[in-house]
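Read the structure below first, then the notes.
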Amino acid sequence: MTIFCTIYYVLNYIQTFPQIIKLLKTKSSNDYSLLTTILHLVACISWTLYIFTSRQSVVVYIGTVIDIVLLSLVTFLIFRYYNFSKS
């Protein structure tokens, strides 16, 4: 089962890196949904709390930490570059 967990984390990271690159390159995030981003972050934090309160393999712990760090970076960049003005 560890192989499926590893595949999940690798594919999840692969989808996150283009978002980070785009945000850093364009310095614009108004095409991202703030609600979806916040919901994703809350879900990831909930998952992290669940993982660290249960017995898991080392792969799951490492994968979860990397996952929360990457998602936090994406969320930070989205808020940093989001234009809140209504014009």
Side-chain angles (χ1 to χ4, degrees):
M1 288 303 178
T2 305
I3 189 70
F4 295 115
C5 184
T6 305
I7 291 169
Y8 163 77
Y9 283 121
V10 168
L11 293 177
N12 195 36
Y13 304 154
I14 289 172
Q15 80 164 359
T16 305
F17 284 118
Q19 291 179 22
I20 293 170
I21 292 168
K22 179 200 172 278
L23 286 164
L24 291 172
K25 197 176 201 180
T26 63
K27 299 197 183 334
S28 173
S29 66
N30 282 44
D31 53 343
Y32 286 85
S33 167
L34 289 180
L35 180 60
T36 302
T37 302
I38 292 169
L39 287 174
H40 193 189
L41 185 61
V42 169
C44 194
I45 290 169
S46 298
W47 174 254
T48 302
L49 292 172
Y50 167 74
I51 289 302
F52 282 98
T53 58
S54 61
R55 193 174 209 65
Q56 303 292 331
S57 71
V58 174
V59 171
V60 175
Y61 291 127
I62 293 170
T64 300
V65 168
I66 294 170
D67 202 17
I68 195 76
V69 167
L70 288 174
L71 184 57
S72 296
L73 178 60
V74 168
T75 305
F76 169 76
L77 291 172
I78 287 173
F79 276 102
R80 181 161 190 244
Y81 296 128
Y82 197 84
N83 183 4
F84 289 98
S85 66
K86 297 209 178 198
S87 55

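Any value given below was found using the heavy atoms of this structure, including those in side chains, with hydrogens, waters and symmetry copies removed.
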(request) Report the distance from atom OH of Tyr32 to atom CD1 of Ile78, rounding to the nearest 0.5 Å. (result) 6.0 Å

(message) Quick check on the hydrophobic clustering: are Val59 and Leu70 connected, directly or via other members, by side-chain heavy-atom contacts under 4.5 Å?
(response) no

Let me have the donor-acceptor pairs involving side chains of residues 10-19, under 3.5 Å, with sequence neighbours excluded, atom names and distances please.
residue: Asn12; atom: OD1; partner: Gln15; partner atom: NE2; Å: 2.8
residue: Asn12; atom: ND2; partner: Asp67; partner atom: OD1; Å: 2.6
residue: Asn12; atom: ND2; partner: Asp67; partner atom: OD2; Å: 3.4
residue: Tyr13; atom: OH; partner: Gly63; partner atom: O; Å: 2.7
residue: Thr16; atom: OG1; partner: Asn12; partner atom: O; Å: 2.9

(request) Any chance you could measure Cys44, atom SG, to Leu39, atom CG, to the nearest 0.5 Å? (result) 12.5 Å

(message) Return the OG1 to CD1 distance between Thr26 and Ile21, rounded to the nearest 0.5 Å.
(response) 11.5 Å

(message) Once rounded to the nearest 0.5 Å, what's the spacing between atom OH of Tyr61 and atom OG1 of Thr48?
(response) 12.0 Å

(request) Tell me whether Val58 is reachable from Ile66 by hopping between hydrophobic residues (I, L, V, M, F, W, Y) whose side-chain heavy atoms are closer than 4.5 Å. (result) yes

(request) Verify, without hydrogens or angle tests, whether Ser33 (side chain) and Thr36 (backbone) share a donor-acceptor contact under 3.5 angstrom. (result) yes

(message) Quick check on Phe52: does its CZ atom have over 12 non-hydrogen neighbours (other residues, nucleotides or ligands) under 6.0 Å away?
(response) yes

(message) Restricting to non-hydrogen atoms, name the atom on Phe79 and the atom on Phe84 that form the minimum distance, rounded to 0.1 Å.
(response) CD2-CZ, 3.9 Å

(message) Holding to side-chain hydrogen bond (donor to acceptor under 3.5 Å, both in side chains), I want the full list of residues that pass it with Thr53, two or more places apart in sequence or in another chain.
(response) none

(request) Compare every heavy atom of Leu23 with every heavy atom of Ser28, then report the nearest pair and how far apart it is. (result) O-CD2, 3.6 Å

(message) Check for me, please, whether Val42 and Trp47 land in the same ILVMFWY cluster - side-chain distances under 4.5 Å, paths through other members count.
(response) yes

(request) Identify, with sequence neighbours excluded, every residue that meets side-chain hydrogen bond (donor to acceptor under 3.5 Å, both in side chains) alongside Tyr9. (result) Thr64

(message) For Ile68 versus Leu41, what's the shortest heavy-atom pair and its separation?
(response) CD1-CD1, 4.4 Å

